[in-house]
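Notes follow the structure.
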Amino acid sequence: MTLAKVTQENVHIFIPLKVAMVTELLSKNNNISWQAALIEVYNSRTYSVLEKEDTKLWYEGVSYLYMGIESEKNGEKFDI
């Protein structure tokens with residue numbers, strides 16, 4: 001059996017679960033509502049890179065994505 005290749009057309013399959021998990025971490029760790037955390041995720045540079053299959057950021061773990069968003073918030077450089 002051959003596994004399907006991840007492309008720009010199907011990378012969206014991986015994103016919602018990762019976004020939900022990162023949102024949960026942001027909400028709990030920053031004591032903000034889930035909705036505020038979700039908006040923060042969607043407005044982040046990390047999310048815009050996550051959407052692009054060729055960056056392979058979709059392959060990274062939730063902790064790595066969370067660190068990227070926190071680094072952005074703190075004005076720190078985070079190579080993604």
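Note that this is a predicted model, so its numbers are computed, not measured.
The two residues Gly68 and Thr46 make their nearest non-hydrogen contact at C-OG1, 3.5 Å. Nearest heavy atom pair, residue Glu51 against residue Ile15, reads CA-CD1, 3.8 Å. Residues Gln8 and Glu53 approach most closely at OE1-N, 2.8 Å, considering heavy atoms. The shortest non-hydrogen separation linking Asn29 to Tyr66 is ND2-OH, 3.0 Å. Residues Ser44 and Val41 approach most closely at OG-O, 2.7 Å, considering heavy atoms. Scanning both residues, Ala37 and Ser27, for their nearest heavy atoms gives CB-N, 3.7 Å.
Hydrophobic clustering (ILVMFWY, side-chain heavy atoms < 4.5 Å, transitive): Ile32 and Val62 are in distinct clusters. Under a hydrophobic clustering in which Ile, Leu, Val, Met, Phe, Trp and Tyr are joined whenever their side-chain heavy atoms come within less than 4.5 Å, directly or via other members, Trp34 and Leu65 fall into the same cluster.
Residues that satisfy the salt bridge (charged side-chain N to carboxylate O under 4.0 Å, His left out) test with Lys5, not counting sequence neighbours, are absent from this structure.
The shortest side-chain heavy-atom distance between Tyr42 and Val19 falls under the 4.5 Å cut-off. Contact of the Leu57 side chain with the Lys52 side chain is not registered, since no non-hydrogen atoms from C-beta on lie closer than 4.5 Å. Within the 4.5 Å cutoff, the side chain of Leu50 has no heavy atoms near those of the Thr55 side chain.
Around atom NZ of Lys56, more than 12 heavy atoms belonging to other residues, nucleotides or ligands sit under 6.0 Å away. Counting non-hydrogen atoms of other residues, nucleotides and ligands closer than 6.0 Å to CG of Asn31 gives a total of 12 or fewer.
A donor-acceptor pair under 3.5 Å is formed between the side chain of Ser48 and the backbone N or O of Arg45.
Under a 4.0 Å N-O distance rule, the pair Lys73/Glu76 does not qualify as a salt bridge.
Between atom CE of residue Met67 and atom CD of residue Glu60 there is a gap of 9.0 Å, rounded to the nearest 0.5 Å. The structure places CG of Leu38 at 9.0 Å from OH of Tyr47, a figure rounded to the nearest 0.5 Å. One finds the OG1 atom of Thr7 at 8.5 Å from the CD1 atom of Ile13 (value rounded to the nearest 0.5 Å). Going from atom CG of Leu26 over to atom CD1 of Ile39 covers 12.0 Å, rounded to the nearest 0.5 Å.
For the residue pair Asn30 / Glu70, a side-chain donor-acceptor distance below 3.5 Å is found, with atom types taken as modelled.
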